[in-house]
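Keep in mind the model is a prediction, meaning the values are calculated, not measured.
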Amino acid sequence: MSDQPTFTLTIDQNKYLPLDGREVHAILTVGATGGITTQAAGPAEAAEVIIVDTSGSMSGSKIREARQAAVTAVQTLRDGAYFAVIAGTDRATMVYPRGNPQLVKATPATKAEAHRAIDKLLAHGGTAIGEWLKLAGHLLTAHPSAIRHALLMTDGQNNERADVFGAVLAAWSGKFVVDCLGVGADWAPAELRRVAEAMLGTFDFVRDQGDLPEYFRRLTQTSMSKTVAELSLRVWVPQTARLKFVKQVSPVLLDLTGKRTDVNPLTGDYPTGSWGAEEREYHVCVEVPPGQIGQEIRAGWVKLVRPDTGDVLASGNVLAQWTDDLAQSTRINGKVAHYTGQAELHDLIQDGLSARAAGDVDTATARLAKAREIAVESGREDTARLLEKVVEVDPASGTARLRRDVDKADEIELDTGSVRTSRLRKEGS
């Protein structure tokens with residue numbers, strides 16, 4: 001039996017276009033099942049860096065919870081994984097191991113040593129997230145064949161200049177995956193969103209700092225479950241066509257369009273990061289030239305590949321066919337419609353919160369009220385409840401208005417949660 005996961009790629013679309021139709025939309029569902037290891041000799045090599053904010057704002061109970069969370073992450077590491085712990089202030093400091101910056105193998109002995117080192121963490125100084133990521137990157141690049149991951153937690157806003165921070169993200173984008181956690185109500189979601197987007201990771205809100213150890217355990221456990229280090233979507237389109245975008249739409253929204261690596265003039269690779277047993281969905285849009293009635297073309301050829309070897313793990317075609325049958329050409333594929341709506345929901349929330357922060361009450365009200373409507377229609381009850389804490393709608397008149405007093409934590413939870421999407425509900429469920 002193969003120790004490799006089995007990958008599948010299925011494509012949902014309505015291939016029929018009206019005579020003047022130009023845009024082809026398709027949802028790609030990529031699934032990985034089975035396969036516990038990538039080598040018969042044992043688990044895939046894993047490299048993990050745990051980054052703990054120890055700036056001055058982490059004093060008191062926060063630093064105690066952070067120490068416990070870091071210890072929990074270390075205990076969750078599987079034996080044999082390589083790891084390090086970094087303390088983040090206005091610089092990045094090795095907590096464990098001490099001395100030369102390097103990763104060490106997780107064993108009962110090294111985990112116990114790391115525990116003792118973490119217990120000495122104190123809160124002081126500022127916040128320079130770019131510096132933390134740079135040190136993590138240098139540690140992880142020493143393990144090029146490993147599944148490379150960093151867990152980053154902060155409770156405050158980055159003190160670095162925007163251009164300095166941006167340069168770090170650009171330099172390390174795609175080199176390793178970073179999952180971020182924001183604790184409390186004083187951090188900036190936009191900053192961790194930039195990290196997650198650049199590093200193909202996630203960012204989440206820890207509303208109650210007492211829950212921090214559980215978040216660390218869950219993220220570390222997920223990282224340890226990954227079995228394939230790096231896969232890409234390789235997308236070919238005809239010379240006369242244009243690939244407008246490639247976006248991950250489930251489980252979270254992530255625009256991959258700008259992360260393209262050219263394979264040849266017609267083909268590009270879009271990174272998807274590391275994989276375990278899981279399923280993700282992607283939205284591809286191709287602009288094609290007008291065609292003739294009855295003509296069918298391959299508008300795109302999608303492959304799931306190992307970018308280092310070019311090995312193809314799964315593939316599928318995106319098709320286009322022109323028709324004068326109105327019923328065929330106006331039918332919208334259910335998955336395409338669903339995820340288009342989920343993306344619209346995210347954009348409306350982001351636009352609404354930005355307008356609210358800028359004092360544009362009319363725009364904020366209109367965007368957030370529309371977002372609430374879409375959330376209710378698509379079954380996003382959690383998001384609808386959060387939106388109701390920001391905007392209220394009179395059930396009789398349908399008139400919406402912004403609430404005056406909004407808990408900052410509710411706003412952050414709405415902001416961070418807007419990147420998560422719901423799956424399309426099956427008929428009858």
Inset, instruction - Considering only NZ, NE, NH1 and NH2 on the basic side and carboxylate oxygens on the acidic side, decide whether Arg423 and Glu279 come within less than 4.0 Å. - result: yes
Inset, instruction - Start with the C-alpha gap between Asp410 and Arg207, add the side-chain angles, then the distance that decides, and say whether salt bridge (charged side-chain N to carboxylate O under 4.0 Å, His left out) holds. - result: CA-CA 9 Å; Asp410 288 335; Arg207 189 173 189 131; 2.5 Å; yes
Legend entry - Over 12 foreign heavy atoms within 6.0 Å of CZ, Arg401: no
Inset, instruction - Report yes or no: does Thr323 contribute a side-chain atom to a donor-acceptor pair with the main-chain N or O of Ser329 at less than 3.5 Å? - result: no
Legend entry - Pair Glu214 + Arg218: basic N to acidic O under 4.0 Å: yes
Legend entry - Salt bridge present between Lys111 and Asp79 (N-O < 4.0 angstrom): yes
Legend entry - Nearest non-hydrogen partners of Pro213 and Thr72, listed with the distance: O-CG2, 3.5 Å
Inset, instruction - Compute whether any side-chain donor of one residue and acceptor of the other, for Thr261 and Asp269, lie under 3.5 angstrom apart. - result: no
Inset, instruction - Provide the closest heavy-atom pair for Ser232 versus Pro271 in the form atom of the first, atom of the second, distance. - result: OG-CA, 3.9 Å
Inset, instruction - Decide yes or no for Leu402 and Val361: does some side-chain heavy atom of the first lie under 4.5 Å from some side-chain heavy atom of the second? - result: yes
Inset, instruction - Could you tell me whether the side chain of Gln248 and the main chain of Val252 form a donor-acceptor pair under 3.5 Å? - result: yes
Legend entry - Spacing of Tyr282 atom OH and Leu28 atom CG [to the nearest 0.5 Å]: 9.0 Å
Inset, instruction - Indicate yes or no: at least one non-hydrogen side-chain atom of Val74 is less than 4.5 angstrom from one of Val85. - result: yes
Legend entry - N/O donor-acceptor pair under 3.5 Å between Asp262 side chain and Asn264 backbone: no
Legend entry - Any donor-acceptor pair under 3.5 Å from Gln295 side chain to Gln292 backbone: yes
Legend entry - Salt-bridge present (Arg356, Glu411; N to O < 4.0 Å): yes
Inset, instruction - Kindly indicate whether a cation-pi arrangement holds for Arg91 with Trp132, taking the cut-offs as under 6.0 Å to the six-membered ring centre and within 45° of the axis. - result: no
Inset, instruction - Kindly indicate whether the side chain of Trp275, heavy atoms from C-beta on, has any atom under 4.5 Å from the side chain of Val30. - result: yes
Legend entry - Verdict with reasoning, Arg380 to Leu345, per side-chain contact (heavy atoms from CB on, under 4.5 Å): CA-CA 10 Å; Arg380 293 288 301 274; Leu345 173 61; 4.1 Å; yes
Legend entry - Sub-4.5 Å side-chain heavy-atom contact between Asp211 and Asp208: yes
Inset, instruction - Using a strict cut-off of less than 4.0 Å between a Lys/Arg side-chain nitrogen and an Asp/Glu carboxylate oxygen, indicate whether Lys226 and Glu48 qualify as a salt bridge. - result: no
Inset, instruction - Nearest 0.5 Å please: distance from the CG atom of Leu219 over to the OG1 atom of Thr202. - result: 5.5 Å
Legend entry - Nearest-0.5 Å distance that lies between atom CD in Glu392 and atom CG in Leu368: 12.5 Å
Inset, instruction - For the pair Thr141 (side chain) and Gly137 (backbone), establish whether a donor and an acceptor sit closer than 3.5 Å, ignoring hydrogens and angles. - result: yes
Inset, instruction - Using only heavy-atom distances, determine whether the side chains of His25 and Asn333 contain a donor-acceptor pair under 3.5 Å. - result: no
Legend entry - Side-chain donor/acceptor of Thr110 to backbone N/O of Thr107, under 3.5 Å: yes
Inset, instruction - Kindly indicate, with the supporting measurements, whether the criterion side chain to side chain donor-acceptor pair (under 3.5 Å) is fulfilled by Asn14 and Arg331. - result: CA-CA 7 Å; Asn14 176 19; Arg331 187 184 304 122; 4.6 Å; no
Inset, instruction - Salt-bridge test for Lys408 and Asp186: reply yes if a basic N is under 4.0 Å from a carboxylate O, no otherwise. - result: no
Legend entry - Passing candidate, ring pair (Phe, Tyr, Trp, His ring centres under 6.0 Å) with His283, options Phe245, Tyr270, Tyr339: Phe245
Legend entry - Derivation and outcome, side-chain contact (heavy atoms from CB on, under 4.5 Å), residues Asp325 and Tyr16: CA-CA 9 Å; Asp325 185 328; Tyr16 294 103; over 6 Å; no
Legend entry - Val237 to Ala299 - nearest heavy-atom pair and separation: CG1-O, 3.5 Å
Legend entry - Side-chain heavy-atom pair Leu133, Leu152 within 4.5 angstrom cut-off: yes
Legend entry - Ion pair check, Glu131 and Lys134, cut-off under 4.0 Å: yes
Legend entry - Lys/Arg N to Asp/Glu carboxylate O, Arg306 vs Glu230, below 4.0 Å: no
Inset, instruction - Check the angle between the aromatic planes of Trp301 and Trp236 and answer parallel, tilted or perpendicular using the 30° and 60° thresholds. - result: perpendicular
Legend entry - Side-chain ion pair, Arg403 and Asp405, N-O less than 4.0 Å: no
Legend entry - Interatomic distance, Leu151 atom CG to Ser223 atom OG [nearest 0.5 angstrom]: 8.5 Å
Inset, instruction - Kindly compute the distance separating CG (Leu181) from CH2 (Trp187), expressed to the nearest 0.5 Å. - result: 8.5 Å
Inset, instruction - Determine the interplanar angle of the Trp172 and His138 rings, folded into 0 to 90°, and report it as parallel if under 30°, tilted if 30 to 60°, perpendicular if over 60°. - result: perpendicular
Legend entry - Heavy-atom neighbours of Leu266 CG exceed 12 at 6.0 Å: yes
Legend entry - Electrostatic pair Arg194:Glu191 at N-O distance under 4.0 angstrom: no
Inset, instruction - Assess whether side chain to side chain donor-acceptor pair (under 3.5 Å) is satisfied between Thr399 and Asp394, documenting all intermediate values. - result: CA-CA 5 Å; Thr399 303; Asp394 186 305; over 6 Å; no
Inset, instruction - Give a yes or no on whether the backbone of Val336 and the side-chain of Thr340 come within a donor-acceptor separation of less than 3.5 Å. - result: yes
Inset, instruction - Find out whether Ser250 and Gln342 are in side-chain contact, i.e. whether some heavy atom of one side chain is under 4.5 Å from a heavy atom of the other. - result: no
Inset, instruction - Please say which of Val52, Ile50, Ile51 ends up in a side chain to side chain contact (heavy atoms under 4.5 Å, CB included) with Met153. - result: Val52
Legend entry - Worked check of salt bridge (charged side-chain N to carboxylate O under 4.0 Å, His left out) between Arg420 and Asp204: CA-CA 10 Å; Arg420 291 189 290 274; Asp204 210 345; 3.3 Å; yes
Legend entry - Distance in Å, Thr257 OG1 paired with Lys247 NZ, rounded so as to fall on 0.5 Å steps: 6.5 Å
Inset, instruction - Using a 4.5 Å cut-off on heavy atoms from C-beta on, say whether the side chain of Val104 contacts that of Tyr82. - result: no
Legend entry - Arg217 (side chain) donor-acceptor with Ala73 (main chain) under 3.5 angstrom: no
Inset, instruction - Please report the closest heavy-atom contact between Val391 and Ala400, naming both atoms and the distance. - result: CG2-CB, 4.1 Å
Inset, instruction - Say whether Arg367 and Gln350, considering side chains only, have a donor N or O and an acceptor N or O under 3.5 Å apart. - result: no
Inset, instruction - Please confirm whether the backbone N or O of Ala409 pairs with a side-chain atom of Asp407, one donor and one acceptor, at under 3.5 Å? - result: yes
Inset, instruction - Give the minimum heavy-atom separation between Val183 and Leu212, together with the two atoms involved. - result: CG2-CD1, 3.7 Å
Inset, instruction - Taking Ser354 for its side chain and Asp351 for its backbone only, find out whether a donor-acceptor pair lies under 3.5 Å. - result: no
Inset, instruction - Could you tell me whether the side chain of Ile374 reaches within less than 4.5 Å of the side chain of Glu344, counting heavy atoms only? - result: yes
Inset, instruction - Over all heavy atoms of both residues, which pair between Cys285 and Leu243 is shortest? Give the atoms and the distance, please. - result: O-CD1, 3.5 Å
